[in-house]
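Working notes for the structure below.
Chain naming here is simple, since letters A, B, ... match the order of the sequence lines and numbering starts at 1 in each.
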There are 2 protein chains.
Amino acid sequence: MYDTIIIGAGPGGLTAGIYAMRGKLKVLCLEKENAGGRIAEAGIVENYPGFDSIRGIELAEKFKNHAEKFKLPIIYEEVVGLDIKEQPYKVITNKNTYETKTIVIATGTRPKKLNIGEDKFIGRGVSYCTMCDAFFYLGKEVIVIGRDTPAIMSAINLKDIAKKIILITDKSKLKAAEPIMLDKLKEINNLEIVYNAKPLEIFGKEKAEGVKIDVDGEIKEIKADGIFISLGHIPNTDFLKNSGIELTEGGYIKTDKNCKTNIEGVYAVGDVCGGVMQVAKAVGDGCVAMANIIKYISKL
Amino acid sequence: MYDTIIIGAGPGGLTAGIYAMRGKLKVLCLEKENAGGRIAEAGIVENYPGFDSIRGIELAEKFKNHAEKFKLPIIYEEVVGLDIKEQPYKVITNKNTYETKTIVIATGTRPKKLNIGEDKFIGRGVSYCTMCDAFFYLGKEVIVIGRDTPAIMSAINLKDIAKKIILITDKSKLKAAEPIMLDKLKEINNLEIVYNAKPLEIFGKEKAEGVKIDVDGEIKEIKADGIFISLGHIPNTDFLKNSGIELTEGGYIKTDKNCKTNIEGVYAVGDVCGGVMQVAKAVGDGCVAMANIIKYISKL
């Protein structure tokens, strides 16, 4: 029986874990993929205070090492459901069921798909992650299909690696979460932007070779060595089906100021709550959630 | 006319500043004392994710340098009042009046006083800040007067510096924000704790020489080379008198999930909001507040 189970080992989950270990709780952190979270895909991070410029993968490593220093136990299993109708709460993974008094959901988001035939080319010319895969296209031509901040970030991540970047968007104008990103986009001189372009099909034989688009009714084929899909992300809340946890219209978890969900003892932190999706905010959430759990448990 | 004025250059204010500069706002940060904030007094910080162990003063410096890298303008003036009845809002300092569309209050807290004659000995044997002044008492005997987390932190900060620490508290038991601190307290072997002791007077001639206490009706004099007062802190909200900003009973600023106060365009971040008083939380607040201000200003 655990005091608290943290689902997800990104910046929010690991921060909650550090505070839980320092609070001497009996804690378990469950992670589906890699500790450190999606920040590892973030290219250069310049807005997490204390590090004025750091590679995302390096920051992810620092968070992980910090949690390891306090001996946070991380088990690599995928959570498939929660049974939180009554105490003790049950966290069900693909391998085990764990009992716990409290839960922190820190499952983040995953990339949105285009669904125009890209699935068969994943890892063969199609990627959702510039940071992970950009270097496979060193000196080559790439296409970025997407919108707004995610597409802009991908172009920025690719600018010094690819020979040429063609950014294809179905919008007439790109919006950025931070205006400074639009300046950086303008400074990229190996970038071409195709506006008002509806992507129809990703084509190729052994590997992806290009994308068919519709620009104002005119069908075009644009070819490149690699294709990055940058449409943003959707919250990882599928495992919450029938759990009773209240979600927003977009599928994010509804939380209050203390990161508490509508269910007593269940908290959510970071990107999975929607709103401001930044490392700094996820870290703040993790701290606030665990401080509140420590208080809650001391009263049980 | 500024887009936003940030009052206070601690972790919360500087984070808001970094986001404001990246958001290309016209921004001014006003600071009464030192950029970096009270974290500089914090001894060793082990719970700001990314730095598993760092001196508070070094972390404060990193925050300051990060803000300077993005050229955040910081002016050293004390804010004495706000006129926020209508736009443009006015921030009144001891030297100037500045006009702005939005405000972030990040003024933190200040140490609570004992008021038993310590005022005349400040800097002459009496201090509120172990981190600032502990090294003046290298190899000497010190008294810590206080309660709970602040007193425990002071004892921990002094343990490797002072020859002997006498912790005087009017409580019968000490509570810690994080249980791990109580373990660390128990490990200090040059520490003596006097419980249930009401401090009556700090006495001395040229400098403080000791404290008179009442333990269950028995009056005692305890002497030492230095006295640290560690009673916690009170929010710096005096300048908000008649501003219309809603405070809690304890004098902290009431904010919602987005760090917004009851006044449109006025936000508050970090310790001055009460609740969880941690660097991680202040940083998260600063990020959330400025992300919301950027959105708010783009719609004006």
Side-chain angles (χ1 to χ4, degrees), chain A residues 11-12 14-15 17-19 21-25 46-54 58-59 61-63 65-70 175-183 255-259 269-270 273 275-292 294-295 298, chain B residues 11-12 14-15 17-19 21-25 46-54 58-63 65-70 175-183 255-259 269 273 275-292 294-295 298:
Chain A
L14 291 175
T15 301
I18 290 165
Y19 272 85
M21 292 306 292
R22 289 174 59 85
K24 304 188 77 72
L25 299 191
E46 296 193 329
N47 55 13
Y48 180 64
F51 298 98
D52 59 22
S53 187
I54 185 168
E58 208 181 319
L59 186 57
E61 200 64 23
K62 279 186 189 287
F63 287 150
N65 292 344
H66 196 156
E68 278 172 355
K69 185 183 162 182
F70 287 104
K175 284 190 294 190
E178 297 175 295
I180 198 172
M181 291 178 180
L182 288 174
D183 295 353
T255 50
D256 68 9
K257 207 183 149 176
N258 294 326
C259 300
V269 304
C273 306
V276 179
M277 298 199 196
Q278 294 287 316
V279 176
K281 189 262 189 182
V283 160
D285 279 2
C287 163
V288 167
M290 196 48 68
N292 279 284
I294 290 169
K295 218 186 294 176
S298 73
Chain B
L14 291 175
T15 301
I18 291 165
Y19 272 86
M21 291 308 292
R22 288 175 61 86
K24 303 187 80 66
L25 298 191
E46 296 193 329
N47 56 12
Y48 181 64
F51 299 98
D52 59 23
S53 188
I54 185 169
E58 209 181 318
L59 186 58
E61 200 64 24
K62 280 188 188 287
F63 287 150
N65 291 343
H66 196 156
E68 277 171 357
K69 185 183 159 177
F70 287 104
K175 284 191 295 188
E178 297 176 294
I180 198 172
M181 289 178 181
L182 288 175
D183 295 354
T255 51
D256 69 8
K257 208 182 147 175
N258 294 326
C259 302
V269 304
C273 307
V276 179
M277 299 201 196
Q278 294 287 316
V279 176
K281 190 261 187 180
V283 161
D285 278 2
C287 163
V288 167
M290 196 48 69
N292 279 286
I294 289 169
K295 218 187 293 175
S298 73

Starting at [atom1] of [X], measure out to [atom2] of [Y] and round the result to the nearest 0.5 Å.
X: B/Phe63; Y: A/Phe51; atom1: CZ; atom2: CZ; result: 9.5 Å
X: A/Glu178; Y: B/Ile294; atom1: CD; atom2: CD1; result: 6.5 Å
X: A/Ser53; Y: B/His66; atom1: OG; atom2: NE2; result: 8.0 Å

Per-residue contact mode, A/Lys69 against chain B (heavy atom under 4.5 angstrom): side chain
Engaged part of A/Asp285 at the chain B interface, taking heavy atoms whose separation is under 4.5 Å: neither
Sub-4.5 Å side-chain heavy-atom contact between B/Asp52 and A/Lys62: no
Option in [options] with maximal non-hydrogen atom pairs under 4.5 Å from chain A:
options: B/Gly284, B/Pro49, B/Cys287; result: B/Pro49
options: B/Pro11, B/Pro179, B/Ala60, B/Ala280; result: B/Pro179
options: B/Leu14, B/Thr255, B/Asn65; result: B/Thr255

side-chain contact (heavy atoms from CB on, under 4.5 Å) between A/Val283 and B/Lys281, worked out: CA-CA 7 Å; A/Val283 160; B/Lys281 190 261 187 180; over 6 Å; no
Side chains of B/Gln278 and A/Tyr19, donor plus acceptor under 3.5 Å: yes
Sub-6.0 Å ring centroid separation between A/Tyr48 and B/Tyr48: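 They qualify: ring centres under 6.0 Å apart.
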Interchain contact, B/Asn47 with chain A, by part (heavy-atom threshold 4.5 Å):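 Looking at B/Asn47, backbone and side chain both touch chain A.
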Part of B/Glu46 within contact of chain A (heavy atom distance under 4.5 Å):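 Both backbone and side chain.
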Over 12 non-hydrogen atoms of neighbours within 6.0 angstrom of NZ in A/Lys257: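 Yes, enclosed.
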Qualifying residues under salt bridge (Lys or Arg N to Asp or Glu O under 4.0 Å), relative to A/Asp183, sequence neighbours excluded: B/Lys24
Closest non-hydrogen atom pair between B/Val276 and A/Val288, with its separation: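 Reported closest heavy-atom pair: CG2-CA, 4.2 Å.
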